[in-house]
Amino acid sequence: MSKGVTAKSEDYGRWYTDVITKAQLADYGPVKGTMVIRPYGFSLWESVKSAFDNRFKATGHVNAYFPLFIPKSFLSKEAEHVAGFAKECAVVTHHRLMANPDGDGLVVDPESALEEEVVVRPTSETVIWAMYKKWIQSYRDLPLLINQWVNVVRWEMRTRLFLRTTEFLWQEGHTAHATAEEAEEEAKKILEIYREVAEDVMAIPVFTGLKTDAEKFAGAEHTYCIEAMMSDCRALQAGTSHNLGQNFAKAFDVTFQTEDNREEHVYATSWGVSTRLIGAIAMVHGDDKGLRLPPRIAPHQVVVVPIGKNAEDVNSVLEYLTGTLEAVKAEGIRCYVDDRDGVTPGFKFNEWEMKGVPVRLEVGSRDMEQNVVTLVRRDSGEKVSVPKDKLGEEILRLLDEIQKSLYNQAKTFRDEHTLTVESYDEFKSIIEEKSGFVKCGWDGDPKTEAAIQEETKATIRCIPFEQQVDDLSCVYSGKPAKYQVVFGKAY
RNA sequence: CGGGGUGUGGCGCAGCCCGGUAGCGCACCUGCUUUGGGAGCAGGGGGUCGUAGGUUCAAAUCCUAUCACCCCGACCA
């Protein structure tokens, strides 16, 4: 393994892959497009997951598990939904292998063809709604607020670690409601959770808004999204929340009896965030030394590197810290001692910087003489000496500051690269130079959207909730703008 | 699916044009010296060169086929 990572400025794509693999977040799996999430990366995912899960539970949602396999026929029940996913479904056609009669290895036993082929879930709306049909009879059964944390498979042509893999992990919530208003409220409530976790926990500033019809989920009435800017100025859809209206209820004939004894189709939402967010964390905060993790999700918030000539020295450092580290941990700080033998401190510094640990704690003889320890911030590289007995409070303060600083850096970057334009020429030059998002007027016509995409590859990332369209005209057609939208090139 | 490229110890590569039985860097193992920014020296282990055929006295090298992966384009969380 070579030492550093490819510089961001030299080759962004390679930089990203280098960071992901060298920080040991993930590795390539043996099947094309698959990914192994390594323990360090999985720990990150667990932090992200629990931030969401706690909030889902606090708002009345419960977790469950629905099967991986879906009857092929289910997928075709909702017309738009089929169109959206048919092209990327893995299909199980047989259930048995046999020794190859003509040679080595195994072949599919042709005798074992399935009566009805099954699809590996690309998303679970269809199985879930088939079950909801059984479970929902009365308004008393509503709302039904279920979430699941599972893997899904979408057979993608081009894949990238975390951002787009054939199989990925996510959370998918599926809710059923008695009224359209309630479903709408739910979709927005979830979007707010997504925004909060993205910004407050992962330190990733996001635009929130509505997807255009072209970009919305197949089968949804409308889709809300959080949209983030990566450090190469490209857009990443970081989470979506769909108001499905009665589309799936109608497709699966899910009705309920209202309080006044009418029969009505239920109203639905679905919403998801995926391991893609781990890629976003790397791309939003990382630098040429590797990851920079926001303290709230960092597997280790502090790593201790003892400095010494031999094992004896290291032991005396650890002894020096006895009590102190316990106090730090008692503050709820995730602290890891790197007491590996035979690896130089310099090597450890670089390794933990690659892994993005927010604070490094160095202790050597110089510190011990003065009864201090040395703290180094990963975000700024700043080094400070602090008295041993103030360590806990100082770390807490630093972690808090790093969390804010990472958010602010990302926000400043995003804002500096989000330009409001009026002319299509300006629009094109910004998009072509890949220098950011463009905010501009749009006449609301899908043809305009398609024409712009055709020419520039930029898409409408979202229609922000806050709208000011007075006197605004469409950047492309010149007609009065229906919305002010955010354009960008997307991952 | 269209265009381009690559398959050689764990990783990154050289060797191929001009056949002669495999080498370099990193990583790994052992020992000694080291340790506040990726340590040094010495010794050592590991590859039938993607796969299958063919040509040849001889194939990593030439020919044919095949598979896999990567990059660029059309689709996508």
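By convention in this document, chain letters (A, B, ...) are assigned in the order of the sequence lines, proteins followed by strands, and residues within each chain are numbered from 1.
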Check whether any side-chain heavy atom of A:Phe52 sits under 4.5 Å from a side-chain heavy atom of A:Asn147, and report yes or no. no

Can you confirm whether the side chains of A:Glu184 and A:Asn243 place a donor and an acceptor under 3.5 Å from each other? yes

Counting Watson-Crick and G-U wobble pairs with both distances under 3.5 Å, what is the dot-bracket string for RNA chain B, 5' to 3', using [ ] for crossing pairs and | for pairs to another strand? ((((((((.[[[[.)....(..]]]].((((((.....)))))).....[[[[[..)....]]]]])))))))....

Gap between atoms CZ and C1', on A:Arg377 and B:rG37 respectively (whole Å): 19 Å

Give A:Leu163 one of three labels, base, sugar-phosphate or nothing, depending on what nucleic acid heavy atoms sit under 4.0 Å from its own. base

Rounded to whole angstrom units, what separation is found between the CG atom of A:Asp341 and the P atom of B:rA39? 14 Å

Whole-Å distance, A:Met354 CE to B:rG38 P, equals 15 Å

In chain order, what residues pass the side chain to side chain donor-acceptor pair (under 3.5 Å) check against A:Ser231, with sequence neighbours excluded? A:Lys8, A:Tyr12

Answer with base, sugar-phosphate or nothing: what part of the nucleic acid does A:Asp313 contact at a heavy-atom distance below 4.0 Å? nothing

Verify whether one side chain among A:Ser50 and A:Glu46 offers a donor that lies under 3.5 Å from an acceptor in the other. no

Contact class for A:Glu362 vs. all strands (heavy atom < 4.0 Å): base, sugar-phosphate, or nothing? base

Nearest whole angstrom, please: distance from the P of B:rC72 to the CZ of A:Arg160. 8 Å

Side chain of A:Phe168, heavy atoms from C-beta onward: which of B:rG36, B:rG38, B:rA77 has the nearest atom to it? B:rA77

Check each of A:Phe168, A:Trp170, A:Trp45 against A:Trp149 using the ring pair (Phe, Tyr, Trp, His ring centres under 6.0 Å) test, and report the only one that passes. A:Trp45

Determine whether A:Trp129 and A:Glu78 make a side-chain contact, defined as any pair of heavy atoms from C-beta on separated by less than 4.5 Å. no

Quick one: list whatever passes salt bridge (Lys or Arg N to Asp or Glu O under 4.0 Å) with A:Lys439, sequence neighbours left out. none

Rounded to the Å, how far apart are A:Tyr28 OH and B:rG12 P? 11 Å

Can you see whether A:His242 engages A:Thr223 through a side-chain donor-acceptor pair at a distance of less than 3.5 angstrom? yes

What is the distance from CG of A:Asp11 to C1' of B:rC71, rounded to the nearest Å? 10 Å

Indicate every side-chain donor-acceptor pair of residues 294-307 of chain A with a distance under 3.5 Å to a residue at least two apart or in another chain.
residue: A:Arg296; atom: NH1; partner: A:Asp200; partner atom: O; Å: 2.7
residue: A:Gln301; atom: OE1; partner: A:Arg334; partner atom: N; Å: 2.7
residue: A:Gln301; atom: NE2; partner: A:Pro295; partner atom: O; Å: 3.0

Would you measure the distance from the C1' atom in B:rG40 across to the matching atom in B:rU48 and give it in whole Å? 36 Å

Of the candidates B:rG38, B:rG37, B:rG36, the side chain of A:Glu353 sits closest to B:rG37

Would you indicate, yes or no, if B:rG73 has its OP1 or OP2 atom less than 4.0 angstrom from a side-chain nitrogen or oxygen of A:Arg158? yes

Go through residues 267-305 of chain A and report each residue with a non-hydrogen atom lying under 4.0 Å from RNA chain B, sorted by number. A:Ser274, A:Arg276

Considering residues at least two apart in sequence or located in another chain, which fulfil the salt bridge (Lys or Arg N to Asp or Glu O under 4.0 Å) criterion with A:Lys211? A:Glu227

For B:rG38 and A:Thr344 - does any side-chain N or O of the residue sit under 4.0 Å from the phosphate oxygens OP1/OP2? no

If I pick the P atom on B:rG2 and the same atom on B:rC63, what distance separates them, to the nearest angstrom? 24 Å

Regarding the side chain of A:Lys457, the nearest nucleotide among B:rG38, B:rA74, B:rC75 is B:rA74

Separation of B:rG36 atom P from A:Arg366 atom CZ, nearest Å, is 10 Å

If I take atom CZ in residue A:Arg14 and atom C1' in nucleotide B:rG12, what distance separates them, rounded to the nearest angstrom? 10 Å

Counting any heavy atom closer than 4.0 Å, what does A:Thr123 reach on the DNA or RNA strands: base, sugar-phosphate only, or nothing? nothing

